[in-house]
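Sequence lines set the chain letters: A, B, ... in the order given, protein chains first and strands last, and positions in each chain run from 1. Computed from a prediction, not measured in an experiment: that's the story for all the values here.
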Protein chains: 2
Amino acid sequence: MAKITPQKEDFSKWYLDIIARADLADYSAVKGCMIIKPYGFALWENIQRALDDRIKAKGVKNAYFPLFIPESFIKKEEEHVDGFAPELVTITHVGEKELGEKLYVRPTSETIMYDAYSNWIKSYRDLPLLVNQWANVVRWEKRTRPFLRTTEFLWQEGHTVHATEAEADEWTISCLEMYQDLDKEDLAIPVITGTKSEAEKFPGAKYTTTTEALAKDGKAIQAGTSHQLGQGFAKTFGIEFTDENEKQQLPWQTSWGLSTRIVGTLIVVHGDDGGLKIPPKIAPIQAVIVPIFRTPEEEELVRKECLKMEAELKEAGIRVELDDRTEKTPGFKFNEWELKGVPVRIEVGPRDLAKDEVVVARRDTGEKKSILLGKVASTVTFLMLDIQKNMYEKALEFQQKNTHEVFDYEKFKKIIKENPGFIKAGWCGDGDCEAKIQAETKATIRCLPFAYAGQAKGECIYCKKDATQIGLFAKAY
Amino acid sequence: MAKITPQKEDFSKWYLDIIARADLADYSAVKGCMIIKPYGFALWENIQRALDDRIKAKGVKNAYFPLFIPESFIKKEEEHVDGFAPELVTITHVGEKELGEKLYVRPTSETIMYDAYSNWIKSYRDLPLLVNQWANVVRWEKRTRPFLRTTEFLWQEGHTVHATEAEADEWTISCLEMYQDLDKEDLAIPVITGTKSEAEKFPGAKYTTTTEALAKDGKAIQAGTSHQLGQGFAKTFGIEFTDENEKQQLPWQTSWGLSTRIVGTLIVVHGDDGGLKIPPKIAPIQAVIVPIFRTPEEEELVRKECLKMEAELKEAGIRVELDDRTEKTPGFKFNEWELKGVPVRIEVGPRDLAKDEVVVARRDTGEKKSILLGKVASTVTFLMLDIQKNMYEKALEFQQKNTHEVFDYEKFKKIIKENPGFIKAGWCGDGDCEAKIQAETKATIRCLPFAYAGQAKGECIYCKKDATQIGLFAKAY
């Protein structure tokens with residue numbers, strides 16, 4: 001089997017190698033649309049389940065809104081339509097018949113949902129309205145890459161309505177914290193949270209908050225975003241409610257989402273030259289058993305032990321697979337499962353079995369250990385926790401090592417060029433400086449971190465005027 | 001609250017009343033597309049989960065294919081394109097830019113999936129290929145009704161590839177049996193299974209099998225369908241495999257699906273003039289607690305017991321809701337939860353509490369009983385099983401009572417007109433007779449039941465020639 005391209009040699013090529021070789025996705029006949037293959041989809045399903053449980057625990061209910069949005073709806077919110085217009089897939093005909101009004105395939109569902117909300121909400125008793133949908137959305141992108149940027153993608157979009165601004169603020173943050181928790185606990189991804197600058201916020205939002213992860217190539221990538229929409233959409237779509245004093249009021253809204261892009265995030269945050277690394281909690285296969293034998297007698301013995309072990313691990317709640325393909329060598333299998341990022345591999349051969357042992361290898365550290373047969377289930381159960389924890393710690397270490405506090409623009413440029421990562425730098429708050437930095441270095445403000453709020457001191461990294469905030473700069477996916 | 005229209009008065013209006021009043025779905029601004037509201041979606045999610053577990057237990061893996069299908073793909077399979085062409089949503093533009101090749105929004109995914117399959121399948125070792133996807137599909141329908149027939153609907157479509165015809169036959173039937181089992185065990189819906197006639201089979205299939213349920217208005221409605229596709233699609237899309245003897249072979253394929261239409265099926269099979277009736281296994285809310293009180297002292301006492309009971313029922317694994325709205329009367333709540341089809345209602349009032357009792361009402365029979373406080377959890381747990389069983393039995397009784405064996409065409413017409421239901425009648429196998437019966441009575445052959453295979457005797461109900469099969473005729477949704 002050919003080696004995958006090393007990260008240092010060509011990170012983009014490394015990424016595409018992983019997608020293909022770990023069997024995550026395939027290209028389709030439709031430009032920019034990918035096919036999510038079973039292994040990639042199982043990964044998404046596990047993330048989805050973990051997030052859906054959290055969403056429901058917050059009291060949000062799932063629903064489903066139409067794929068198509070009438071032209072008049074999209075055009076109602078000016079900022080919103082400006083943000084999406086060039087990427088809109090347009091429908092004018094059904095069969096040979098022309099439609100009365102053009103339809104668009106949803107790029108996001110604010111407009112179609114809020115039109116319905118305006119009928120559903122009458123009184124303060126109808127608030128808060130907490131609805132989420134899992135859906136496909138389409139934005140026609142020029143340059144696409146599987147998971148990271150595709151024309152069609154899958155996501156959840158939550159859309160809530162609240163009586164007060166304070167409640168909407170609180171909800172916006174609580175959703176961001178939900179993503180941060182999912183990222184940390186299930187995906188083993190440390191993120192920096194903060195607000196987006198005006199230039200980077202969601203079209204139509206009052207403000208946008210974001211979780212930003214750091215990829216192995218030093219670029220930033222989003223892992224969940226939450227918007228406080230203010231009262232703009234409510235005004236445009238006529239959402240009003242009667243308050244406790246019988247007065248008509250405009251409500252406040254939020255929307256928040258996470259997409260299949262998270263699978264790409266997972267790859268670029270954890271992967272290495274051996275392939276994918278999947279944290280145990282969301283791994284489609286948590287442990288793989290590889291039998292090793294030469295003679296038919298050995299095969300019989302080994303197979304018997306493998307089947308027993310498979311049953312034992314299933315019983316212990318481990319998602320285990322016995323790789324009993326006869327046409328592949330153990331070496332090939334080791335390689336393949338490493339590439340697919342399976343957290344634990346169990347090698348079962350006659351020599352170890354003679355000592356009542358098997359070899360257990362962990363994907364995160366590469367470590368191999370002989371384990372007594374009777375201890376396999378407890379060892380693997382322990383490793384699930386330990387690998388999950390270790391992967392988070394390693395990713396956090398990488399993120400911290402690659403976050404630089406910079407006071408000098410020349411140094412800023414040098415870091416972005418030679419050794420990219422997060423750059424913490426003073427900013428005056430002027431969009432012009434932001435735009436110039438981007439033009440000159442390709443780095444943008446990924447967020448204005450909550451953690452640094454109110455800590456601005458010194459000068460703007462670009463214009464040298466007083467800094468009003470600390471920005472987290474990076475090149476981004 | 002206004003009464004819902006009685007079934008006998010206007011079944012269609014009854015149906016739409018239920019949809020609106022039980023808060024299952026709403027109309028959208030896009031013609032024929034519905035909004036699935038939280039209560040309706042929770043119902044679908046429970047069905048989805050029950051089916052997805054069964055699909056995975058069969059060794060099938062979920063995947064996701066693009067929403068869009070290139071024109072050239074759809075046109076490749078002649079029968080297939082003829083079946084779908086007038087309903088196809090066509091995309092020619094993105095933003096202001098015209099596309100090189102027209103795209104269609106998938107009406108079903110055979111063509112886009114099988115194009116990919118042709119790359120994925122090389123050898124007999126790649127077979128069987130067992131893939132399923134949960135997706136939205138679009139067929140532009142002229143007359144639509146929420147759930148029963150909508151322009152966009154949600155479904156799962158399974159698509160498998162097998163080395164031999166026998167294996168594909170077996171798989172087709174095993175999927176039909178999976179739907180039959182879901183219908184019976186989870187939805188409490190008895191179905192008749194069989195093959196479709198040539199006129200009614202899926203465009204491009206070798207043969208189609210179906211599960212047919214009987215609605216309260218005597219019309220037939222499908223509850224899951226499974227197609228043996230033969231080798232036609234494989235040939236068209238170039239799917240080939242090398243067999244054990246190194247020879248190139250054409251494989252055999254199947255596809256099988258169940259959609260959000262099943263929610264409509266559930267309504268028309270179980271509902272009555274009081275509203276929806278949901279079988280416990282898939283009920284979003286299995287039991288509702290309604291507090292009854294007049295004075296603040298009573299309120300405190302009742303509320304305390306209600307909260308305790310809610311916790312106890314949750315602990316017992318019951319999906320329970322405590323309806324503590326203060327602006328609604330108990331009578332209003334009784335009505336509403338009956339309308340929403342919640343299997344069990346628990347009425348908690350001070351007079352009963354004084355005797356350490358509460359009243360438990362079951363939705364399926366309307367029966368009310370006083371139960372000791374200490375026995376609420378065990379009673380409700382028992383009722384879940386008993387209501388599930390009773391709903392199936394009642395539906396089966398209805399189906400059997402409304403299935404008529406008919407030998408005379410005049411009688412056939414009279415039944416269809418006056419007291420519709422399933423009609424079991426001899427058929428010569430000629431599509432002409434089938435078409436004429438449909439033209440004259442609106443009844444079609446819902447299936448050629450497996451149960452009656454080989455039992456044909458006597459004459460064709462229409463032409464009086466020898467019957468070769470027994471058809472199950474009915475008017476259909």
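- Annotation: A:Lys56, atom NZ; neighbour count of heavy atoms from other residues, nucleotides and ligands within 6.0 Å is above 12.
- For the set A:Phe73, A:Tyr64, A:Phe41, the entry with the most heavy-atom pairs within less than 4.5 Å of chain B is A:Tyr64.
- The greatest number of non-hydrogen atom pairs below 4.5 Å with chain A, out of B:Ile91, B:Asn119, B:Ile69, is found for B:Ile91.
- Contacts of A:Asp52 with chain B are made by side-chain atoms alone, with heavy-atom separations under 4.5 Å and no backbone atom involved.
- With a 6.0 Å radius and a threshold of 12 heavy atoms from other residues, nucleotides or ligands, B:Lys122 has its NZ atom above the threshold.
- Only the side chain of B:Asp26 comes within contact range of chain A, with at least one heavy atom under 4.5 Å from a heavy atom of that chain.
- Only the side chain of A:Arg125 comes within contact range of chain B, with at least one heavy atom under 4.5 Å from a heavy atom of that chain.
- For the options B:Met34, B:Lys31, B:Arg49, B:Arg325, heavy-atom pairs under 4.5 Å to chain A are most numerous at B:Arg49.
- Neither the backbone nor the side chain of A:Met113 comes within less than 4.5 Å of any heavy atom in chain B.
- Put simply, of A:Ala25, A:Gly95, A:Ala135, the one with the most heavy-atom pairs under 4.5 Å next to chain B is A:Gly95.
- Note on B:Glu45 versus A:Lys61: no salt bridge recorded, every NZ/NE/NH1/NH2 to OD/OE distance being 4.0 Å or above.
- Of all heavy-atom pairs spanning B:Ala63 and A:Ile36, the tightest one is CB-O, 3.3 Å.
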Stepwise side-chain contact (heavy atoms from CB on, under 4.5 Å) check, A:Ser28 with B:Phe65: CA-CA 8 Å; A:Ser28 82; B:Phe65 290 75; over 6 Å; no
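- Side-chain contact of B:Asn136 with A:Asn136: a donor-acceptor pair under 3.5 Å is present, judged by distance alone.
- Between chain B and the options A:Thr92, A:Thr260, A:Val138, heavy-atom pairs under 4.5 Å are most frequent for A:Val138.
- In this structure, B:Phe68 and A:Cys33 approach most closely via the heavy-atom pair CD1-SG, 4.2 Å.
- Heavy-atom proximity under 4.5 angstrom to chain B picks out A:Leu99, A:Leu103, A:Val105, A:Arg106 from residues 97-109 of chain A.
- Side chains of B:Ile35 and A:Ile112 form no contact here, defined as non-hydrogen atoms less than 4.5 Å apart.
- Summarising the local packing, NZ of A:Lys58 is surrounded by more than 12 heavy atoms from other residues, nucleotides or ligands at distances under 6.0 Å.
- Residue contact with chain B, scored on non-hydrogen atoms closer than 4.5 Å, is absent for A:Arg139.
- Interface remark: A:Tyr39 contributes no atoms to any contact with chain B (heavy atom separation under 4.5 Å).
- Interface remark: A:Trp120 contributes side-chain atoms only to the contact with chain B (heavy atom separation under 4.5 Å).
- At a heavy-atom separation below 4.5 angstrom, chain A is approached by B:Glu152, B:Leu154 within residues 141-163 of chain B.
- Of the atoms belonging to A:Asp115, it is side-chain heavy atoms, and not backbone ones, that fall under 4.5 Å from chain B.
- With respect to chain A, the highest number of heavy-atom pairs below 4.5 Å among B:Glu96, B:Glu327, B:Glu87 belongs to B:Glu327.
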